[in-house]
Q: 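Structure below; questions to follow.
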Amino acid sequence: MQEKYIPAQVEEKWQHQWESGKAFKVAEDRSKQKYYLLEMFPYPSGRIHMGHVRNYSIGDVLARFKRMRGFNVLHPMGWDAFGMPAENAAIQNKSHPAKWTYENIDYMRGQLKKLGLSYDWDREVATCNVDYYKWEQRVFLEMYRKGLAYKKTSFVNWCPKCDTVLANEQVEDGCCWRCDSEVVQKELEQWFFRITAYADELLEYTDKLPGWPERVLTMQRNWIGRSTGCEIDFPLEGHLSSIKVFTTRQDTLYGATFMSLAPEHPLALELATPERRAEVEEFIEKVRKTDRIKRTAEDFEKEGVFTGSYCTNPVTNRRMPIYLANFVLPDYGTGAVMAVPTHDQRDFEFARKYDLPMQVVIQPEGVELTPATMTAAYTEEGIMVNSGQFDGIRSSEAKERIADYLEKEGIGKKTANFRLRDWGISRQRYWGSPIPIIYCDLCGVVPVPEKDLPVLLPMDVEFSGEGGSPLAKAESFRNVTCPQCGEIARRETDTMDTFVESSWYFLRYCSPDCNTGPFDREKAEYWMSVDQYIGGIEHAVMHLLYARFFTKVLRDLGYMAVDEPFVNLLTQGMVIKDGSKMSKSKGNVVDPDALIRKYGADTARLFSLFAAPPEKDLDWSDQGVDGSYRFLNRVWKLVSDNISFIGNAGPVNPSGLTEEGKALRRIVHKTIRKVTEDVEDRFHFNTAIAACMELVNALYGFEGKNAPQNAAVLREAIESILLMLAPFVPHVTAELWQATGHPGTMEEHGWPSYDPEAVVDEELLIIVQVNGKLRSKVTVAADAGEDEVKAAAQADEKVIPHLEGKIIRKVIYVPGKLVNIVVG
RNA sequence: GCCCGGGUGGCGGAAUUGGUAGACGCAAGGGACUUAAAAUCCCUCGCCGGCAACGGUGUACCGGUUCGAGUCCGGUCCCGGGCACCA
């Protein structure tokens with residue numbers, strides 16, 4: 001074999017072999033256990049970054065490990081190819097988003113191949129292909145028919161100069177991040193997916209996903225934000241209608257002294273009396289300019305305006321002035337809050353500011369609360385007062401009793417409310433899947449008939465960056481005849497949120513060429529659910545929740561019988577350098593291409609796996625990369641130095657070994673045990689690699705090479721190392737495996753297993769503490785009993801001085817580990 | 001602001017169920033090999049005191065539980081992720 005390790009040579013050879021032999025192509029095979037391994041697909045931004053290298057290296061370890069374990073592994077890759085950057089690039093380069101996108105995909109595919117990732121490339125999917133997004137349009141239509149896709153007006157951040165919608169992050173101090181003009185809240189008709197219809201199921205299943213990190217489930221539960229309480233009607237003075245509020249604190253109903261509405265509430269303007277109208281309008285305008293995050297902040301100045309109208313507290317008949325308040329949100333609950341200043345902090349601050357009445361209805365035990373002396377709202381439990389028939393009972397009990405009472409009297413009803421809002425999917429952009437809807441002056445909203453799908457993105461579109469969505473200006477696209485009446489009509493020019501594509505791509509991978517529907521049911525039901533999903537923690541809520549929702553929708557539309565898309569989830573940390581996220585602006589970007597050129601893909605993979613466990617952030621270190629490269633050279637040298645000694649040594653004969661041979665074999669099998677556990681159960685690849693390094697170090701110091709009977713042990717050790725490292729560094733290990741005389745692949749050979757007899761220790765090291773402080777270590781026979789070990793500990797010469805002149809109160813023994821002598 | 005995480009040597013990290021704190025790697029220092037250097041191989045390496053044996057101390061900070069706490073509990077500070085049109 002070659003004496004020097006030359007990564008480029010080795011990697012090119014094996015990558016060629018894998019590609020030409022379609023080594024990772026899979027098909028449904030009922031004789032094997034399936035394993036669907038998926039990493040979040042990338043946005044084709046131009047080049048892969050270290051975050052991708054890390055994400056896909058982690059995935060590849062598991063894919064290769066599971067194949068060695070005999071699973072039928074589906075490991076696909078594709079492109080989340082719609083999105084704004086393509087459009088921005090098109091404007092900048094006077095080009096087309098498709099050109100930019102496909103060029104990026106070609107380049108990045110090459111980069112991924114150079115990393116030696118074991119994908120079934122025949123299943124590659126790009127969401128901007130018509131063959132992909134047309135199915136999304138079909139599903140949209142089915143959702144529309146079921147009422148799961150609907151249109152409503154909602155407020156968006158709007159830049160009048162750019163003529164476009166802005167994300168919250170694109171609004172800086174109330175101004176557009178590009179042109180600095182003042183951002184307004186504009187009311188737009190938008191398409192929504194009714195995710196709230198699945199709120200209960202999405203929440204319920206968070207308890208049925210034991211393979212997900214608890215923190216992600218917690219975040220999703222909080223995001224869904226189910227709370228139980230009552231809807232209560234407050235009659236409007238001088239109207240027949242009433243204001244509906246949602247509250248979780250119906251126990252404080254008797255203390256409600258005024259009403260707070262969101263400035264966006266539909267009744268807000270209507271309730272303004274003529275003399276207050278100007279002030280109300282001004283206030284509404286002001287609130288529209290403040291962003292939502294600031295608005296809900298606890299330390300944000302509570303402000304409001306009196307509408308001039310009143311409503312009535314249905315249980316006390318108190319006349320309640322109706323205010324608009326900036327902290328009341330239009331899309332949570334009913335957009336109206338019954339204000340109980342004595343028992344809600346925001347209401348308290350508001351009431352103090354505008355000098356509104358207060359009424360205590362819950363008294364804590366021991367202190368007497370009076371509105372005049374209170375400095376903060378009392379939000380805890382207590383005894384009911386000033387609450388009619390409910391006086392004297394505990395507030396927790398009153399919660400139930402008042403809810404029952406309201407239902408009985410027809411004033412309100414028990415209900416659950418969610419923080420989760422419906423998913424707005426309309427985007428006024430070009431580079432996305434067109435929403436298949438036609439607007440006809442005669443027929444109204446007309447869904448595009450299925451036979452007319454797909455609604456193709458037109459290619460002859462101009463990208464000027466001005467005047468709103470390019471699609472809206474594309475006459476040939478926009479103008480259409482109504483499929484119902486044949487009159488002139490217009491197409492919907494909004495496209496779908498790109499989160500829609502990423503909500504079902506894992507299903508398309510199961511049958512990427514299916515031309516009868518989004519996916520083949522039988523194949524999807526063979527592969528689904530995804531056994532292991534891997535991606536960044538930043539997707540903990542939105543992407544993962546949308547994908548769960550969409551899966552359930554497809555199930556209910558009859559596409560398949562799958563409840564949840566991802567059984568196990570691994571959320572990986574970010575790649576950091578010099579204390580912050582790698583970014584061009586900070587100039588701390590490490591280029592994967594340069595890394596591969598200098599060290600090879602195996603080193604790049606090894607370091608990204610060794611430097612930190614997957615779920616933690618990874619601090620990039622150029623010197624650390626050197627260390628990984630050095631290790632691979634050590635492995636190479638280990639094989640080339642010993643290849644003639646291990647020769648054709650056969651299986652190990654455990655009884656015919658020297659002491660050194662026996663000791664080495666123990667280390668080998670203990671390492672196999674540890675690496676297997678670390679990879680399979682914990683995904684702690686860093687400690688698995690560390691264990692392999694220790695084994696290599698042990699082999700460098702192995703002194704049993706003079707005895708020929710140890711050749712078999714050494715061969716076993718070297719082969720085990722190659723097999724265990726194979727998922728991490730597949731090229732170099734494949735080459736060395738071949739060099740040690742194996743005609744087949746390591747995958748065919750399978751993952752090594754440890755011999756339980758070989759790992760048994762003959763002696764144990766026992767820690768000896770006195771009062772919890774380490775004083776000595778003693779070696780005892782593995783079968784020594786408790787009394788024997790305790791005696792040995794107390795007789796140890798380093799321990800004796802710490803016991804002198806003291807009484808032994810207690811001796812604690814942790815079997816096989818530790819003796820703690822408590823003296824006083 | 002709200003929700004969710006994290007904080008261990010000069011650095012990345014290890015300690016899996018409350019039982020040796022610092023595995024493994026990097027950096028640094030010393031040695032071997034070499035005409036020399038690189039590469040490679042071997043050794044040392046938390047901090048304070050000590051020639052050493054050894055002793056003290058140490059896991060962001062303060063307090064608690066325990067024979068024993070990096071790990072559990074209460075509080076504080078700092079850093080990061082998400083917050084619905086970035087993906």
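Chain letters run A, B, ... following the sequence lines, proteins first, then strands; residues in each count from 1. Side chains included, hydrogens not; waters and symmetry mates left out as well; all remaining heavy atoms used.
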Q: Counting only Watson-Crick or G-U wobble pairs whose two distances fall under 3.5 Å, which nucleotide matches B:U40?
A: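 Checking every strand shown, B:U40 finds its partner in B:A32, with both distances under 3.5 Å.
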Q: Can you tell me the Watson-Crick or wobble partner of B:U65, both distances under 3.5 angstrom?
A: none
Q: Base, sugar-phosphate, or nothing for A:F607, non-hydrogen atoms under 4.0 angstrom?
A: nothing
Q: Ring of A:Y754, cation from A:R673 - is the NZ or CZ under 6.0 Å from the centre and inside 45° of the axis?
A: yes
Q: Could you tell me how the ring of A:F193 sits relative to the ring of A:F140: parallel (under 30°), tilted (30 to 60°) or perpendicular (over 60°)?
A: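 A:F193 vs A:F140 ring planes: tilted.
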Q: For B:G29 versus B:A37, give the span between their P atoms, rounded off to a whole number of Å.
A: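 Result for the P pair: 15 Å, nearest Å.
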Q: Sticking with atom P, work out how far B:C4 lies from B:C73, rounded to a whole angstrom.
A: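 After rounding to an integer number of Å, I get 15 Å for this pair.
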Q: Confirm from the modelled atom types if A:R429 and B:C85 form a donor-acceptor pair under 3.5 Å, side chain to base only.
A: yes
Q: For A:G701 and A:V156, take the nucleotide of RNA chain B holding the closest heavy atom to each; which residue's nucleotide lies nearer the 5' end?
A: A:G701
Q: Just to be sure I understand the rule, does A:V541 reach a base, reach only the sugar-phosphate, or reach nothing, if contact means heavy atoms closer than 4.0 Å?
A: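 A:V541: no heavy atom of the nucleic acid under 4.0 Å.
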Q: May I have the distance from A:I767 (atom CD1) to B:G19 (atom P), rounded to whole angstrom?
A: 13 Å
Q: Taking any strand in view, what nucleotide pairs with B:C83 in a Watson-Crick or G-U wobble way, both distances under 3.5 Å?
A: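 Pairing partner, where one exists within any strand: B:G1.
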Q: Using only side-chain N and O atoms of A:R682, determine if any of them is under 4.0 Å from OP1 or OP2 of B:U17.
A: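 So the side-chain polar atoms of A:R682 never come under 4.0 Å of the phosphate oxygens OP1 or OP2 of B:U17.
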Q: Between A:R429 and A:D497, does at least one N-O distance fall below 4.0 Å, as a salt bridge requires?
A: no
Q: Would you name the heavy atoms of A:N820 and A:N771 that are closest together and state the gap between them?
A: OD1-N, 3.4 Å
Q: Nearest whole Å is fine: how far is B:A69 P from A:I812 CD1?
A: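 Rounded to whole Å, this separation is 12 Å.
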Q: Who does B:U57 pair with, Watson-Crick or G-U, both distances under 3.5 Å?
A: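 Check on B:U57: paired to B:G46, both distances under 3.5 Å.
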Q: Hey, can you tell me if A:W620 and A:F607 have their rings parallel, tilted or perpendicular (30° and 60° cut-offs)?
A: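 A:W620 and A:F607: perpendicular rings.
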Q: Does B:G9 sit syn or anti, given that only angles within 90° of 0 count as syn?
A: syn
Q: Would A:D678 and A:T687 count as a side-chain hydrogen bond (donor to acceptor under 3.5 Å, both in side chains) if you check the C-alpha gap in whole Å, the side-chain angles of each, and the deciding distance to 0.1 Å?
A: CA-CA 7 Å; A:D678 281 354; A:T687 52; 2.8 Å; yes
Q: When all nucleic acid strands are considered with a 4.0 Å heavy-atom cut-off, which category describes A:P613: base, sugar-phosphate, or nothing?
A: sugar-phosphate
Q: Between A:K151 and A:D494, is the closest basic N to carboxylate O distance under 4.0 Å?
A: no
Q: With heavy atoms under 4.0 Å as the rule, sort A:D617 into base, sugar-phosphate or nothing.
A: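 Sugar-phosphate, no base atom in range.
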Q: Mind calculating the distance between NE2 (A:H52) and P (B:A87) to the nearest angstrom?
A: 14 Å
Q: Could you please name the partner base of B:C77, counting Watson-Crick and G-U wobble pairs only when both distances are under 3.5 Å?
A: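 The answer is B:G7, by the H-bond criterion.
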Q: Using a heavy-atom cut-off of under 4.0 Å over every strand shown, decide if A:R427 touches base, sugar-phosphate, or nothing.
A: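 Contact class for A:R427: base.
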Q: For B:G9 and B:G13, measure between their C1' atoms and round to the nearest Å.
A: 11 Å
Q: Given the structure, check if the side chain of A:N820 and the base of B:C67 hold any donor-acceptor pair shorter than 3.5 Å.
A: yes
Q: Regarding A:E492 and A:W191, do their side chains bring together a donor and an acceptor under 3.5 Å, going by distance alone?
A: yes
Q: Kindly confirm or rule out a cation-pi arrangement of A:R605 over A:F728, judged by NZ or CZ under 6.0 Å from the six-membered ring centre and within 45° of its axis?
A: no
Q: Has A:K637 got a side-chain N or O lying under 4.0 Å from the OP1 or OP2 atom of B:C41?
A: no
Q: Is A:Q220 touching bases, backbone alone, or none of the nucleic acid, heavy atoms closer than 4.0 Å?
A: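 No contact.
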Q: Within the structure shown, what part of the strands sits under 4.0 Å from A:H543 by heavy-atom distance: base, sugar-phosphate, or nothing?
A: nothing
Q: Can you tell me if A:R775 touches the phosphate of B:G55, counting only side-chain N or O atoms and a distance under 4.0 Å to OP1 or OP2?
A: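 Looking at the OP1 and OP2 atoms of B:G55, one of them is under 4.0 Å from a side-chain N or O of A:R775.
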Q: Expressed as a whole number of Å, how far does the P atom of B:U16 sit from that of B:G70?
A: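 Nearest-Å result for B:U16 against B:G70 at atom P: 12 Å.
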Q: Tell me whether the rings of A:Y198 and A:F549 are parallel (<30°), tilted (30 to 60°) or perpendicular (>60°).
A: perpendicular
Q: For A:K777 and B:A21, give me the distance from atom NZ to atom C1', rounded to whole Å.
A: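 Going from A:K777 (NZ) to B:A21 (C1'), I get 11 Å.
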Q: Answer yes or no: does a side-chain N or O of A:K798 lie under 4.0 Å from OP1 or OP2 of B:C54?
A: yes
Q: Tell me whether the side-chain N/O atoms of A:H802 come closer than 4.0 Å to OP1 or OP2 in B:G55.
A: yes
Q: Between A:E214 and A:R221, is the closest basic N to carboxylate O distance under 4.0 Å?
A: yes
Q: Rounding to the closest angstrom, what is the interatomic distance between B:A28 and B:G12 at atom C1'?
A: 16 Å
Q: Just call it for A:G424: base, sugar-phosphate, or nothing, with non-hydrogen atoms closer than 4.0 Å on any strand.
A: sugar-phosphate
Q: Give every pair of a protein N or O atom and an N or O atom of nucleotides 23-28 of chain B that lie under 3.5 Å apart, one pair per line with the distance.
A:
{"from": "B:A23", "atom 1": "O2'", "to": "A:E694", "atom 2": "OE1", "distance (Å)": "3.4"}
{"from": "B:A23", "atom 1": "O2'", "to": "A:E694", "atom 2": "OE2", "distance (Å)": "3.2"}
{"from": "B:G25", "atom 1": "OP1", "to": "A:N697", "atom 2": "ND2", "distance (Å)": "3.2"}
{"from": "B:C26", "atom 1": "OP1", "to": "A:R630", "atom 2": "NH1", "distance (Å)": "2.8"}

Q: For A:Y546 and B:G82, give me the distance from atom OH to atom C1', rounded to whole Å.
A: 12 Å
Q: Just how far, in rounded Å, is P of B:C3 from CD1 of A:I537?
A: 17 Å
Q: Hey, does A:K4 reach any base, or is it just sugar-phosphate, or nothing, if we go heavy atoms under 4.0 Å?
A: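 Nothing, no heavy atom under 4.0 Å.
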Q: Given atom CG of A:L329 and atom C1' of B:G1, what is their separation to the nearest angstrom?
A: 12 Å
Q: Which of these nucleotides, B:A87, B:G19, B:U16, is closest to any side-chain atom of A:E677?
A: B:U16
Q: Looking only at heavy atoms, what is the nearest atom pair of A:W212 and A:V216, with distance?
A: CE3-CG1, 3.8 Å
Q: Tell me what A:A540 touches on the nucleic acid: a base, only sugar-phosphate, or nothing, going by heavy atoms under 4.0 Å.
A: nothing
Q: Checking only heavy atoms, does the side chain of A:Q428 share a donor-acceptor pair with the base of B:C85 at less than 3.5 Å?
A: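 Side chain to base: pair found, below 3.5 Å.
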Q: Provide, to the nearest angstrom, the distance between the OH atom belonging to A:Y43 and the C1' atom belonging to B:C86.
A: 10 Å
Q: Do A:K773 and B:U57 have a side chain to base donor-acceptor pair shorter than 3.5 Å?
A: no
Q: Could you measure between the two P atoms, the one in B:G5 and the one in B:G56, and give it in whole Å?
A: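 Each nucleotide's P atom is 39 Å from the other's.
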Q: Quote, to the nearest angstrom, the P distance that separates B:G30 from B:G19.
A: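 Roughly 40 Å separates the two P atoms.
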Q: Mind checking A:W223 for me? I need base, sugar-phosphate or nothing, with any heavy atom below 4.0 Å counting as a touch.
A: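 Touches a base.
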Q: Quick check on RNA chain B: between A:K817 and A:L166, whose nearest nucleotide comes earlier from the 5' end?
A: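 Residue closer to the 5' terminus by nearest nucleotide: A:K817.
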Q: Among the nucleotides B:G13, B:A87, B:U57, which one has an atom lying closest to any side-chain atom of A:K616?
A: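 Closest nucleotide to the A:K616 side chain: B:G13.
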